[in-house]
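Take a look at the structure below.
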Amino acid sequence: MQIGRFIRRAVRAIVPPTVFLGIAVYFGWNATQGDHGMKAYQSQLVLLDQAKQAQQDATAEQIAWRRRVNGLREQSLDNDTLDERARAMLNLADTNDIVVPYDRHDPLY
């Protein structure tokens, strides 16, 4: 009889703390390693930085295209520049033109 009482006391003393310790370990593990844990948060921050960089690149490209399109509007179109570009594209020159060579890597515009 005393052995049964001793076993019952031991079980009551060991099982609840073990269960609560297991639950704490489970939640601690998920807080660091789980789908919504710290590692997932760090990977989301990396993805956010990549998205911000892509947005900046797209904005810069959009600004460059707007500048090029605005240069083609009738109000800002310069006849001399148009003539120069047409001659350069067609590889033509006038007898009175002065040719100034430039490096291949230097952009015209």
Side-chain angles (χ1 to χ4, degrees):
M1 191 77 160
Q2 287 192 358
I3 292 176
R5 193 178 316 162
F6 177 74
I7 292 174
R8 201 174 311 130
R9 270 188 175 167
V11 168
R12 285 185 182 170
I14 293 174
V15 170
T18 305
V19 169
F20 290 124
L21 182 62
I23 291 172
V25 166
Y26 172 77
F27 283 116
W29 175 264
N30 279 321
T32 57
Q33 308 293 326
D35 291 337
H36 303 288
M38 297 303 250
K39 283 190 176 182
Y41 178 71
Q42 293 299 324
S43 66
Q44 290 295 321
L45 287 179
V46 169
L47 290 175
L48 179 65
D49 289 339
Q50 291 174 354
K52 285 182 180 179
Q53 183 62 40
Q55 182 184 19
Q56 288 176 351
D57 294 343
T59 303
E61 186 177 354
Q62 184 181 27
I63 290 170
W65 277 104
R66 280 190 181 161
R67 186 176 53 242
R68 291 181 77 182
V69 168
N70 286 336
L72 295 174
R73 296 196 193 279
E74 188 175 344
Q75 296 85 8
S76 63
L77 197 58
D78 185 25
N79 290 334
D80 291 333
T81 306
L82 181 63
D83 184 49
E84 175 190 347
R85 289 302 303 147
R87 290 176 187 274
M89 299 280 279
L90 296 173
N91 200 16
L92 297 174
D94 190 13
T95 56
N96 296 329
D97 285 345
I98 299 173
V99 178
V100 179
Y102 62 92
D103 189 19
R104 172 174 270 214
H105 301 289
D106 292 339
L108 291 176
Y109 295 99

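Side chains included, hydrogens not; waters and symmetry mates left out as well; all remaining heavy atoms used. The first residue of the sequence shown is numbered 1, and numbering continues consecutively from there.
The hydrophobic cluster containing Met38 does not contain Phe27, counting ILVMFWY residues as joined when their side-chain heavy atoms lie under 4.5 angstrom apart, directly or transitively. Residue Ile7 is not grouped with residue Ile14 when hydrophobic side chains (ILVMFWY) are merged at heavy-atom distances under 4.5 angstrom, including chains of intermediate members. In the hydrophobic cluster analysis, where Ile, Leu, Val, Met, Phe, Trp and Tyr join through side-chain heavy atoms closer than 4.5 angstrom, Val15 is grouped together with Ile3.
In this structure Thr59 satisfies the side-chain contact (heavy atoms from CB on, under 4.5 Å) test together with Gln55, Ile63, sequence neighbours excluded. For Leu47, the side-chain contact (heavy atoms from CB on, under 4.5 Å) partners are Gln44, Gln50, not counting sequence neighbours.
Counting only residues at least two apart or on different chains, the side chain to side chain donor-acceptor pair (under 3.5 Å) pairs with a member in residues 19-35 are Tyr26-Asn30, Gln33-Lys39.
No hydrogens or angles considered: nothing links the side chains of Gln53 and Asp49 as a donor-acceptor pair under 3.5 Å.
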